[in-house]
Amino acid sequence: MEELTDLRKIRLEKLSQIREMGVNPFPFVFDRTDFAADVIKNFDPDEKKQAKLAGRLMAVRKHGKAAFCHIMDASGKIQIYIRKDQVGDEQFELFKLLDIGDIIGIEGEVFKTRTEEISVFVSDLQLLSKNLRPLPIVKEKIEEGEKMVYDEFADKELRYRQRYVDLIVNPEVRDVFLKRTKIINSMRRYLEDQNYLEVETPILQPLYGGANARPFKTHHNALDIDLYLRIADELYLKRLIVGGFDGVFEFGKDFRNEGIDRFHNPEFTMMEVYVAYKDYYFMMELVENMVSQAVQRVSKNLKLTYQGNEIDFAPPWQRKKMSDILKEYTGEEIIGKSKSELLAIAKKLNVPIGDGADVGKIIDEIFSEKVEPNLIQPTFILDYPVELSPLAKKHRSDQGFVERFEGFIAGKEICNAFSELNDPIDQKARFEQQVEFGRGGDDEAHMMDEDYIRALEYGMPPTAGMGIGIDRIVMILTDSPSIRDVIFFPHMRPEKGGEDSL
RNA sequence: GAGGGUGUAGCUCAGUUUGGUAGAGCAACGGCCUUUUAAGCCGUGGGUCCAGGGUUCGAUCCCCUGCACCCUCACCA
């Protein structure tokens with residue numbers, strides 16, 4: 001048996017005392033009729049109203065035979081006033097056994113205290129769930145209009161591991177996640193309004209593809225085959241375009257077996273959309289419209305601040321060719337240069353280039369180093385080297401490039417899109433090149449996907465496709481510095497020591 | 001993967017600068033208090049000082065190793 005802390009022992013003792021009183025500390029239902037925020041909003045000093053609320057006890061100020069408390073429900077907090085002569089001896093005895101963290105139901109008349117706080121004068125009190133583990137007590141005070149927080153529950157490790165506590169105690173965390181859902185719903189609504197079809201494609205895949213990344217590997221026992229967790233939805237969604245859907249999209253988790261930092265979680269949410277008979281210009285408009293609509297769901301206007309930078313989402317966003325913006329930030333002409341010339345330029349610019357980097361990779365490194373951090377306002381960067389983009393269609397006029405764009409906000413990539421490559425012969429050649437890269441040691445190179453080639457051979461219409469990182473968009477729209485702040489349960493190493501240590 | 005930082009009571013943190021097993025506020029417990037709000041006043045209890053090893057008469061403190069988290073960098077979305 002684990003060692004109980006005194007605090008838990010006391011609570012367990014109270015639990016049995018409550019049972020001895022004939023009160024079930026874990027009853028089944030409570031028919032609440034009101035929420036805290038509505039009671040406060042609808043208060044009318046000329047009208048006596050009853051309210052019936054349920055919520056968690058968050059603060060208690062006892063005064064002998066009376067007490068002021070705050071309870072919190074999904075809408076917010078409200079003060080309640082409990083008095084022995086109002087609830088009776090028995091319920092007041094029960095009240096004295098309650099702790100902060102207990103979930104209770106109350107009924108009573110709404111009134112305003114001497115200090116002008118709208119409160120409920122409790123006439124009936126019920127315990128709905130007994131708390132056995134002390135909650136961090138966070139105290140607040142309004143001082144000269146500034147909200148002061150005392151004893152904030154701030155340990156990031158504890159907050160991420162015990163997100164349930166974080167959500168109870170830190171209201172701004174709850175707001176971030178409410179916004180996350182609003183953002184996703186807004187994007188889904190936008191796509192549905194275009195009559196695109198929301199679909200689901202396999203997460204367990206025999207071949208992974210659609211991005212450059214290292215996968216997670218797993219095993220199916222009955223079939224005795226290895227499978228990969230998807231790194232992108234792309235190749236399956238385009239098969240559906242082949243199958244005759246004109247617009248498909250999927251919100252889903254992708255998995256990449258790579259490092260973890262404040263921009264990367266091993267599993268993350270991606271939305272990909274494919275639209276037939278369109279090109280990447282169309283997709284730029286889709287992105288800026290869809291995202292700016294989402295911004296409006298969480299902000300009063302199309303501007304908001306991310307980590308001190310004001311960002312204006314009003315369409316149209318800036319569009320710049322990669323070669324032009326490279327020239328703008330480096331003063332160098334990049335287009336049409338040989339590998340050795342590019343290496344010399346990189347050296348001059350003080351950009352370190354890894355061994356074995358080809359032309360595309362060198363350009364990408366220079367771009368990441370010199371340009372990307374400067375792209376604070378929403379910007380589309382157009383036309384990438386063909387080597388970096390094995391699934392994108394070759395550019396209609398610029399040789400060596402593909403019709404691809406990435407959207408950048410606050411110095412970070414948030415989406416990636418192309419005019420999709422639908423020429424099966426070219427696609428096969430690109431896969432073969434990737435396989436070569438793989439042999440050359442690039443463990444993120446694509447695999448050959450024969451079935452995907454077969455699908456293209458049946459004919460895929462001209463198609464525009466786009467993937468957008470939902471977590472990153474949510475970070476920007478909620479001014480969150482870390483991806484862990486927008487994922488309920490970010491990946492952590494398991495706690496060691498087993499149950500007894502918890 | 002590399003470098004830096006942090007780890008002390010349920011929570012937020014002092015402290016051991018010069019090694020002698022530790023303190024505050026909040027929370028808890030007991031008492032007083034029927035309009036308070038970081039409620040107040042009086043009193044009480046509570047800690048394998050992250051883990052393991054070393055040095056030492058003695059380590060929470062010094063040394064070594066490890067673990068977790070945070071930050072920066074590398075890879076990536």
Side-chain angles (χ1 to χ4, degrees), chain A residues 3-11 13-14 58-70 77 79-87 92 99-101 111-117 119 121 131-143 147-162 165 169 210-214 231-232 254-270 272 352 354 364-365 368-369 406-408 412-416 442-444 467-473 475 481-484 490 492-497 501:
Chain A
E3 299 242 339
L4 296 177
T5 65
D6 284 355
L7 295 170
R8 283 191 74 202
K9 271 185 200 156
I10 289 162
R11 275 163 161 77
E13 178 55 33
K14 287 179 178 173
M58 297 300 287
V60 179
R61 294 177 289 280
K62 289 187 181 175
H63 297 264
K65 296 181 183 64
F68 288 91
C69 310
H70 275 97
K77 287 185 193 172
Q79 179 167 267
I80 62 173
Y81 181 46
I82 295 174
R83 224 160 75 176
K84 192 174 183 180
D85 61 7
Q86 184 73 7
V87 296
F92 203 75
D99 291 295
I100 287 171
F111 75 111
K112 210 174 213 178
T113 63
R114 206 178 276 164
T115 52
E116 302 272 282
E117 179 162 349
S119 309
F121 190 11
N131 163 293
L132 298 179
R133 209 181 264 264
L135 219 52
I137 309 293
V138 180
K139 300 212 170 189
E140 296 165 4
K141 182 187 182 183
I142 308 290
E143 203 165 70
K147 185 166 133 180
M148 308 285 290
V149 180
Y150 298 85
D151 301 326
E152 184 179 16
F153 179 57
D155 185 306
K156 285 190 179 176
E157 182 175 357
L158 285 179
R159 289 180 50 209
Y160 297 144
R161 287 193 194 279
Q162 300 184 47
V165 177
V169 162
N212 299 96
R214 286 191 303 235
I231 58 171
D254 287 348
F255 306 85
R256 298 189 184 174
N257 207 341
E258 284 158 355
I260 299 172
D261 61 30
R262 73 193 172 94
F263 295 103
H264 300 87
N265 196 56
E267 59 179 287
F268 62 102
T269 304
M270 183 81 130
E272 293 191 31
D364 190 47
E365 299 259 7
S368 303
E369 187 74 20
E406 292 185 316
F408 292 86
K412 277 284 157 188
E413 181 193 340
I414 57 116
C415 70
N416 183 21
D442 183 352
D443 52 8
E444 294 179 351
I468 183 164
I470 298 299
D471 310 286
R472 290 222 178 141
I473 280 287
M475 280 171 71
S482 169
I483 198 167
R484 297 180 200 104
M492 305 282 271
R493 282 200 155 80
E495 289 178 86
K496 55 175 185 203
S501 67

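Every chain is numbered from 1 and lettered A, B, ... according to where its sequence line falls, protein lines coming before strand lines. The structure presented is a predicted model; accordingly, all values stated were derived computationally and were not measured.
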* To do: To the nearest 0.5 angstrom, please state how far the CG atom of Asn131(A) sits from the CZ atom of Arg133(A).
  => 9.5 Å

* Go ahead and name the base partner of rC26(B); Watson-Crick or wobble counts if both distances stay under 3.5 Å, otherwise write none. => rG10(B)

* Asked: Which whole number of Å gives the distance between the C1' atom of rC41(B) and that of rG20(B)?
  -> 37 Å

* **Distance in angstrom units between Asn131(A) CG and rG10(B) C1', rounded** => 11 Å

* Counting only distance, no hydrogens or angles, is the base of rG25(B) paired donor-acceptor with the side chain of Asp151(A) under 3.5 Å? -> yes

* For atom C1', what is the distance between rG4(B) and rA74(B), given to the nearest Å? -> 15 Å

* Asked: Is the Tyr81(A) ring parallel, tilted or perpendicular to the Phe111(A) ring (thresholds 30°, 60°)?
  -> tilted

* From the list rC11(B), rA38(B), rU34(B), which nucleotide is the closest neighbour of the side chain of Lys65(A)? -> rU34(B)

* **Separation of atom CD in Glu157(A) from atom C1' in rG5(B), rounded to whole Å** => 14 Å

* On a plain distance test, is the side chain of Arg114(A) in donor-acceptor contact with the base of rU35(B) below 3.5 Å? -> no

* Asked: Judged by atom type as modelled, is there a donor-acceptor pair below 3.5 Å linking the side chain of Asn416(A) to the main-chain atoms of Gly467(A)?
  -> no

* Decide yes or no, distance alone: a donor-acceptor N/O pair under 3.5 angstrom between the base of rC75(B) and the side-chain of Asp261(A). => yes

* Asked: Taking the nucleotide of RNA chain B with the closest heavy atom to each, which residue, Ala66(A) or Tyr150(A), is nearer the 5' end?
  -> Ala66(A)

* Asked: Which nucleotide sits closest to the side chain of Tyr81(A): rU34(B), rG10(B), rC70(B)?
  -> rU34(B)

* Asked: Quantified in whole Å, what is the P atom distance between nucleotide rC62(B) and nucleotide rU18(B)?
  -> 9 Å

* Asked: Reckon Lys139(A) has a side-chain N or O less than 4.0 Å from the OP1 or OP2 of rA39(B)?
  -> yes

* **Any Arg61(A) side-chain N or O less than 4.0 Å from OP1/OP2 of rC33(B)** => no

* rG23(B) and rA28(B): how far apart are their P atoms, nearest whole angstrom? -> 22 Å

* Separation between the P atoms of rG5(B) and rA38(B), rounded to whole Å -> 39 Å

* To do: Between rG53(B) and rA14(B), how far apart are the C1' atoms? Round to whole Å, please.
  => 29 Å

* **Selected nucleotide, minimal atom distance to Asp99(A) side chain, candidates rC29(B), rA27(B), rC70(B)** => rC29(B)

* To do: Rounded to whole angstrom, note down the P distance from rA51(B) over to rC33(B).
  => 44 Å

* Under-3.5 Å donor-acceptor pair between Gln79(A) side chain and rU36(B) base -> yes

* Whole-Å gap separating P (rC70(B)) and OH (Tyr160(A)) -> 6 Å

* Structure fact -> Closest heavy-atom pair, Arg484(A) versus Pro490(A), reported as atoms and distance to 0.1 Å, is CG-CB, 3.7 Å

* Asked: So, is Arg262(A) near the phosphate of rC71(B), with a side-chain N or O under 4.0 Å from OP1 or OP2?
  -> no

* To do: Kindly give the heavy-atom pair with the smallest separation between Arg256(A) and Ala211(A), and that separation in Å.
  => NH2-CB, 3.3 Å

* Using atom C1' of each nucleotide, how far apart are rG31(B) and rG45(B) to the nearest Å? -> 15 Å

* Would you mind telling me which of rA68(B), rC26(B), rU34(B) lies closest to the side-chain atoms of Ile137(A)? => rC26(B)

* Asked: Heavy atoms under 4.0 Å, any strand shown: does Glu117(A) hit a base, just sugar-phosphate, or nothing?
  -> base

* Lys141(A) has an atom NZ; how far is it from atom P of rG25(B), in whole Å? -> 17 Å

* Gap between atoms CD1 and C1', on Ile260(A) and rA74(B) respectively (whole Å) -> 15 Å

* Structure fact -> Among the nucleotides rU12(B), rC69(B), rA74(B), whichever has the atom closest to the side chain of Met492(A) is rC69(B)

* To do: Quick one: look up who rC73(B) pairs with, Watson-Crick or G-U, both distances under 3.5 Å, and put none if it's unpaired.
  => rG1(B)

* Sugar-phosphate, base or nothing in reach of Lys14(A), heavy atoms under 4.0 Å -> sugar-phosphate

* Provide the closest heavy-atom pair for Ile470(A) versus Met270(A) in the form atom of the first, atom of the second, distance. => CG1-C, 4.1 Å

* Return the 5'-most residue of the pair Phe268(A), Lys112(A) with respect to RNA chain B, ranking by each residue's nearest nucleotide. => Lys112(A)

* Asked: OP1, OP2 of rC67(B) versus side-chain N and O of Arg493(A): anything below 4.0 Å?
  -> no

* To do: Name the nucleic acid region contacted by Asp85(A), choosing base, sugar-phosphate or nothing; use a 4.0 angstrom heavy-atom cut-off, strictly under.
  => base

* Structure fact -> The Watson-Crick or G-U wobble partner of rG52(B), with both key distances under 3.5 Å, is rC64(B)

* **Interatomic distance, Ile483(A) CD1 vs rC70(B) P [rounded to whole Å]** => 13 Å

* Asked: How many Å lie between CG on Leu158(A) and P on rA68(B), as a whole number?
  -> 16 Å

* With the side chain of Leu7(A) defined as its heavy atoms from C-beta on, choose the nearest nucleotide among rU35(B), rC71(B), rA27(B). => rA27(B)

* Asked: Would you say a side-chain N or O of Arg159(A) is under 4.0 Å from OP1 or OP2 of rU12(B)?
  -> no

* Closest non-hydrogen atom pair between Phe153(A) and Leu158(A), with its separation -> CZ-CB, 3.8 Å

* **Watson-Crick or G-U wobble partner of rU17(B), both distances under 3.5 Å** => none

* Rounding to a whole Å, what distance do you find between Arg161(A):CZ and rC70(B):C1'? -> 12 Å

* Give the minimum heavy-atom separation between Ala66(A) and Arg83(A), together with the two atoms involved. => CB-CG, 3.6 Å

